[in-house]
Novice: 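Sharing a structure, written as C-alpha cells. Questions coming.
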Amino acid sequence: MVLTQVQQLDEGSSYTSSVFASRYVQDPVPRYELGTSSISKEAAYQLIHDELLLDGSPRLNLASFVTTWMEPECDRLMTETANKNYVDMDEYPVTTELQNRCVNIIARLFNVPLNVKEAAVGVGTVGSSEAIMLAGLAFKRRWQNRRRAEGKPYDKPNIVTGANVQKFARYFEVELKEVKLREGFYVMDPEKAVEMVDENTICVAAILGSTLTGEFEDVKLLNNLLTQKNKRTGWDTPIHVDAASGGFIAPFLYPELEWDFRLPLVKSINVSGHKYGLVYAGVGWVIWRSKEDLPDELIFHINYLGADQPTFTLNFSKGSSQIIAQYYQFLRLGFEGYRNVMNNCMESAKILREGLDATGRFDIISKEQGVPLVAFSFKERDKTLAFKFSNLLRRFGWIVPAYTLPPDLENTTVLRVVIREDFGRTLAEKFLSHVKMALKELDSMIRAPVPTIRYTIEFGPGENAGDEPMVKVVKQEVGGIQKSVPLLSGKTKGVC
Ligand SMILES: Cc1ncc(COP(=O)(O)O)c(C=O)c1O
C-alpha cells in the first residue's frame with residue numbers, strides 16, 4: 001500500500017502547458033497516470049521545476065533540524081556520486097572505506113573506549129530513526145539471549161523512555177514505558193525512569209536534545225542511578241542515547257559534559273548526520289560501545305556482490321552521496337570548524353531569544369544549554385494564538401511550527417525556531433522584525449474593539465407609489481448618518 005498525504009487527487013488531473021513548457025508540449029500531460037507518449041527533457045524539467053516553486057523555501061523553514069545548505073564543492077561531490085549504490089561494497093571499496101572512517105571519527109568523538117588501532121563498531125543509516133531501530137533490536141536480542149540462558153521468560157520486553165522510541169516499540173513489539181513530562185520540566189526525569197525499570201527492561205533510552213525544547217537529558221545522573229539499581233537487583237539494564245541533534249553539538253560546545261561512552265552503561269548512541277552533522281537529508285549513524293553489544297546473529301553476511309559483506313541495516317540499496325558528503329564535512333571542517341558553526345548557531349539563538357523576550361509577549365521555554373533552538377509560548381493562555389501567529393509568519397515566508405506539548409501538558413502550545421548553520425545574524429534580525437509586524441497584525445485581529453452602534457430604524461413604503469419599500473435609519477448613537485436604504489420585504493416599524 002502506498003500512503004499519500006492527500007485524501008483526494010488534485011483537481012486538474014493533467015498538466016496543460018506552463019509558460020515555458022508550452023514551447024515544447026502542446027497536449028495535456030496526465031499527472032496521475034503514465035502518459036502514453038514521451039515528452040522532451042526540457043519540457044519535463046520545466047514542468048516539474050515550475051510546480052516545485054510552490055513549495056516553501058528550505059532556508060526559511062525554521063521547523064526543521066535538517067541541513068539546507070552545503071558548500072558548492074560538496075554539492076558537486078554529491079552529484080558526481082549519485083549513481084553509486086552504497087550496498088555494492090565490493091565494487092565501491094573506497095566509498096565503504098569512507099563510511100568506516102566516518103564511523104570511527106564519530107565513535108572517537110563520543111569517547112568510545114578503543115585503542116588507536118582498534119576499529120569502532122557502527123553503521124551508516126538513512127537517519128536517526130533507522131539508527132534507533134537497529135540499536136533497539138540489538139538491545140532486545142541481547143536481553144532475550146540473556147533471559148533464555150537464565151531459563152527465564154523472554155516474551156515481555158519493555159523500554160523506558162521520555163519520548164522518541166515509540167516507532168521502534170510499536171514496530172518491534174516492545175512495551176513502551178513512558179516517563180511523563182510535567183509543567184516546566186520537559187525532559188525525562190532520571191529518578192522516575194529508573195523507578196520504572198524492571199527485569200524485562202531491555203534499555204533506558206535517553207535523549208540528548210529534546211525535539212520539543214532542545215534540552216539535554218541528564219545521562220550522567222541516569223547512569224549513576226541505574227548502576228545502583230543494577231547492583232541492588234543483579235540486573236544489567238543498559239542505556240541508549242538518542243543524540244539525533246545533540247551528538248554533533250555537545251562534543252564541540254560542552255566537551256566536559258559526560259553523556260557518551262565515558263559513562264559505562266551507555267552501550268549505543270545514534271546521531272543524525274543530516275542535522276548538526278551538516279549533511280543534506282538521508283544520513284544517520286549508530287555506534288556501539290563494543291562488538292559484544294551488537295549480537296552477531298543480527299548481522300547479515302552477503303557474498304553475491306563480491307566478497308563477504310557484513311551488513312546491519314533495515315534496507316538494502318541506498319545512495320552513497322550522503323556518506324561521502326559526511327566525510328567531506330569531517331575532512332573540511334575538523335573540530336575547529338564544527339565548533340565555529342555550533343558557536344555561530346548558539347549566537348543566533350541568543351539574538352532570537354533576547355529579541356523574542358523583549359517583545360514581552362512570550363515565555364521562553366527552551367534552555368540556553370542544548371540544541372540551538374528557541375521554543376516559546378504566548379504568555380496569554382489562549383491555545384489558538386500560537387497557530388494564528390504561525391500562519392501570520394508564513395505570509396513573510398517563514399515556516400515556524402506551532403504544536404501542543406505531549407499528553408498531560410497539552411494545554412501549552414509552543415512555537416519553535418530551529419537555528420541551523422545557514423540562519424545567521426542577518427536572518428535572525430529580519431525574522432525578529434517580522435515577528436513584531438506579525439504581533440501587530442495578530443493584535444488587530446483579536447483585540448480590535450468591536451464597534452457597537454445602536455440604530456433606530458423605521459420600515460415603510462417607498463416615497464412614491466411603485467417605489468421599493470424602504471428601511472430608514474432614524475437614529476444612530478455613534479456617528480450621525482441619516483440614510484434610507486431599499487427594503488426587500490416587509491412594511492414594519494421597529495428598533496434594533
Ligand atoms: C531526538 C530525536 N530523535 C530522533 C529523531 C528522528 O531523526 P531522523 O529524522 O534523523 O530520522 C529526531 C528528529 O527530529 C529527534 O529530534
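Just so you know, residue 1 is the first one in the sequence shown, and it goes up from there. In listed order, ligands and their atoms are each counted from 1.
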Novice: So which atom in Gly209 and which in Val371 form the shortest heavy-atom distance, rounded to 0.1 Å?
Specialist: CA-CG2, 3.6 Å
Novice: Are Arg147 and Glu199 close enough for a salt bridge, meaning some N to O gap below 4.0 Å?
Specialist: yes
Novice: At what distance is the nearest protein heavy atom to atom 15 (C) of ligand 1, and which residue and atom is it?
Specialist: Thr211 OG1, 3.5 Å
Novice: Can you confirm if the NZ or CZ of Arg182 lies within 45° of the ring axis of Phe185 and under 6.0 Å from the centre of its six-membered ring?
Specialist: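 Output yes; distance and angle both within limits.
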Novice: Of all the non-hydrogen atoms in the protein, which one sits nearest to atom 11 (O) of ligand 1, and at what distance?
Specialist: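 Of the protein heavy atoms, Ser129 OG, 2.6 Å lies nearest.
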Novice: Which ligand 1 atoms, with their elements, are less than 4.0 angstrom from a heavy-atom of Gly127?
Specialist: 10 (O), 11 (O)
Novice: Is Arg332 salt-bridged to Glu73, cutoff N-O under 4.0 Å?
Specialist: no
Novice: Could you check, using the six-membered ring where one of them is a Trp, whether Phe139 and Phe168 have ring centers closer than 6.0 angstrom?
Specialist: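 Ring centres of Phe168 and Phe139 not closer than 6.0 Å.
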Novice: Ligand 1 versus Ser128, non-hydrogen atoms closer than 4.0 Å: side chain, backbone, both, neither?
Specialist: both
Novice: Which atoms of ligand 1 are found less than 4.0 Å from any heavy atom of Ile207?
Specialist: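 With Ile207 as reference, the close atoms of ligand 1 come out as 1 (C).
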Novice: For atom 4 (C) of ligand 1, what's the nearest protein heavy atom and its distance?
Specialist: Asp242 OD2, 3.6 Å
Novice: What about Ser272: any of its N or O atoms under 3.5 Å from an N or O on ligand 1?
Specialist: yes
Novice: Under 4.0 Å from ligand 1, counting heavy atoms only, is it the side chain of Glu130, its backbone, both or neither?
Specialist: neither
Novice: Is there a donor-acceptor pair under 3.5 Å between the side chain of Ser272 and the backbone N or O of Ser245?
Specialist: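 Here the side-chain-to-backbone pair does not exist.
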Novice: Distance to 0.1 Å, residue and atom name: give those for the protein heavy atom nearest to atom 7 (O) of ligand 1.
Specialist: Lys275 NZ, 2.7 Å
Novice: How far is atom 1 (C) of ligand 1 from its nearest protein heavy atom, and which residue and atom is that?
Specialist: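 Its nearest protein heavy-atom neighbour is Asn164 ND2, 2.8 Å.
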Novice: When the aromatic ring centroids of Phe300 and Phe312 are compared, is their separation below 6.0 Å?
Specialist: no
Novice: Quick one: which ligand 1 atoms are inside 4.0 Å of a heavy atom on His274?
Specialist: 8 (P), 9 (O), 10 (O)
Novice: With the side chain counted from C-beta on, respond yes when Ile323 and Tyr327 share a heavy-atom pair under 4.5 Å apart, and no when they do not.
Specialist: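 Contact flag for Ile323/Tyr327 side chains = no.
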